[in-house]
Amino acid sequence: MTKFIVNFEVKDWDHWKKSFDAHDGPRVKAGIKVAYVGHELENEKKVHVVMDAESPETLKKFMDENKDAINNSGHIQETTNVAVCTD
């Protein structure tokens, strides 16, 4: 499995988190496992997520297929940083 450390900004943490949690089914179906999700103590609009997926292509395909849900969650796409790591 490939590890992904993702951080980005959101418009509103509570709205984003509810949207993220509600979208668990499609993530599981895509084979993506979430190890951690939270925000910085001093800035609840700065989110960090750690995930496992089969490959970078798996995560990219998921994000492409779910871009409307991601946008509607308040995720500010242009702030997204992804570190692709090994086990």
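Worth saying up front: this structure is predicted, and the values here are computed from it rather than measured.
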> Do the non-hydrogen side-chain atoms of S73 and V10 ever get within less than 4.5 Å of each other?
Replying inline: no
> For residues 18-28, which residue pairs qualify under salt bridge (Lys or Arg N to Asp or Glu O under 4.0 Å), counting only residues two or more places apart or in two chains?
Replying inline: K17-D21, D24-R27
>> How close do D52 and M1 get, counting heavy atoms only, and between which atoms?
In response: CB-CE, 4.0 Å
>> So does A53 get a backbone contact from the side chain of T58, meaning a donor-acceptor N/O pair under 3.5 Å?
In response: no
>> Is the shortest side-chain heavy-atom distance between Q77 and N71 below 4.5 Å?
In response: yes
>> Hydrophobic cluster membership, with links at side-chain heavy-atom distances under 4.5 Å among I/L/V/M/F/W/Y: are V49 and I5 in one?
In response: no
> Can you tell me how far CD of E54 sits from CG of L59, rounded to the nearest 0.5 angstrom?
Replying inline: 12.5 Å
>> Is there a path of hydrophobic side-chain contacts, each under 4.5 Å between heavy atoms, that joins V37 and F4?
In response: yes
>> Return the CE to NE2 distance between M63 and H75, rounded to the nearest 0.5 Å.
In response: 5.5 Å
>> Please check: side-chain N/O of N66 versus main-chain N/O of A69, any donor-acceptor pairing under 3.5 Å?
In response: no
> With a cut-off of 6.0 Å (strictly less than), are more than 12 heavy atoms of other residues, nucleotides or ligands near NZ of K45?
Replying inline: no
> Of all heavy-atom pairs between P56 and T2, which one has the smallest distance, and what is that distance?
Replying inline: CD-OG1, 4.3 Å
> Listed by chain and number, what are the ring-ring contact (aromatic ring centres under 6.0 Å, His included) partners of F20, not counting sequence neighbours?
Replying inline: W16
>> Are V84 and V34 linked, directly or through intermediate hydrophobic residues, by side-chain heavy-atom contacts shorter than 4.5 Å (ILVMFWY only)?
In response: yes
> About how many Å separate CD of E9 and CD of E44, when rounded to the nearest 0.5 Å?
Replying inline: 12.5 Å
> Do N72 and S19 touch side chain to side chain, with heavy atoms closer than 4.5 Å?
Replying inline: no
> Hey, does F8 have a side-chain heavy atom less than 4.5 Å from the side chain of N81?
Replying inline: no
> How are the rings of W13 and H39 set to each other: parallel, tilted or perpendicular (split at 30° and 60°)?
Replying inline: perpendicular
